[in-house]
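Whatever order the structure lists them in is the order used to number ligands and atoms, beginning at 1. Bear in mind the structure is a predicted one, so any value in this text is a computation, not a measurement.
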Amino acid sequence: MSKELLIYLDGQLLPESQAKVSVFDHGLLYGDGVFEGIRFYNGRVFRLEEHTRRIYDSAKSILLNIPMTPEELIKATVETVRANALRDGYIRTVVTRGTGPMGLSPYKCPKATVFIIAATISLYPESAYQNGLTMATVATRRPRHDILPPAVKSLNYLNNVMAKVEAIQAGAEEGLMLNDQGLVAECTGDNIFIIRDGTVTTPPLSAGALDGITRGVVFEICNELRIPIREREMTRHEIFTADECFLTGTAAEVIAAVKLDQRIIGDGKPGAITNRIIKRFREIAQSTGTPVYA
Ligand code: PXG
């Protein structure tokens with residue numbers, strides 16, 4: 001019999017069968033809320049302060065009051081991992097608008113709902129890291145900043161979900177998403193980088209990319225390893241003709257992408273610079289972070 005996970009819900013740790021959210025929660029009714037996906041490695045929560053900062057920024061942007069301080073949220077996150085005696089896995093922190101009458105207005109929802117799930121994660125097989133992923137450009141565009149701000153990690157993920165469906169239907173593992181101008185924004189749940197002539201390039205946040213935590217770690221790694229890195233507008237053509245390409249995200253970590261729309265990128269294998277970045281990322285992930293077990 002598999003043991004039930006303990007879930008943090010509004011100040012309590014409850015067995016998953018008892019951790020329930022109302023059908024009147026506006027997170028469910030309207031996708032009104034924000035979330036984070038966080039990893040923990042080797043008993044340490046990776047970049048917890050940065051994820052916490054981002055969820056408060058997302059909440060501020062949508063006028064959502066998280067009914068606890070960042071310090072309290074960090075403590076609750078660590079305690080949730082500890083209560084489940086996990087060392088490696090994935091945390092999903094969700095803050096919804098809370099329960100209220102039907103109708104769009106958030107002003108009738110008196111209190112946000114906060115829950116935290118700490119679980120194991122099914123990793124991409126090591127073969128995916130050895131061989132790289134394939135991508136397809138999808139028809140679904142990333143929304144403009146004045147439509148649904150792509151910097152807000154909100155519960156409105158239908159845009160990304162539909163893009164993922166298109167990628168799978170095209171027989172690819174990830175979907176490349178363009179913005180309304182046809183420039184590269186990001187993938188369905190990952191940021192994208194290319195390398196040409198030794199320089200790493202990623203689209204700016206203004207192009208519709210999420211300010212990825214893993215993306216930030218790649219900037220730190222490139223600076224440390226003295227690999228030139230810049231943000232610049234990017235076209236599909238530049239991905240087709242890149243020497244190397246890789247994706248970053250909490251779930252995927254750093255992973256090479258070797259094909260886009262049947263064009264083989266570089267020599268079709270994870271590139272040398274990509275592999276250096278992956279190696280350093282793994283060292284940092286395994287050796288840093290907020291300790292769960294004192
Ligand atoms: N872009 C989008 C749209 C994302 O949702 C990233 C980029 C990468 O950001 P981070 O901060 O993770 O480097 C994300 C992150 C999931 C899942 O459950 C999704 C994400 C992260 C973790 C899990 O599918 N998205």
Neighbouring residues of ligand 1, heavy-atom cut-off under 4.0 Å: Arg54, Tyr90, Arg92, Arg142, Lys153, Tyr157, Asn160, Glu186, Thr188, Gly189, Asp190, Asn191, Leu210, Gly212, Ile213, Thr214, Thr248, Gly249, Thr250, Ala251
Report yes if the side chains of Asn42 and Arg87 come closer than 4.5 Å at any heavy-atom pair, otherwise no. yes
Is Leu183 close to Glu238 at the side-chain level, that is, under 4.5 Å between some pair of heavy atoms? no
Is it the case that over 12 heavy atoms from other parts of the model lie below 6.0 angstrom from the CD atom of Gln286? yes
Within the 3.5 Å criterion, strictly below it, is a donor on Arg236 or Thr137 matched to an acceptor on the partner's side chain? yes
pair His51-Val45: side-chain heavy atoms closer than 4.5 Å: no
Note, Thr241 side chain near Arg263 side chain (heavy atom, < 4.5 Å): no
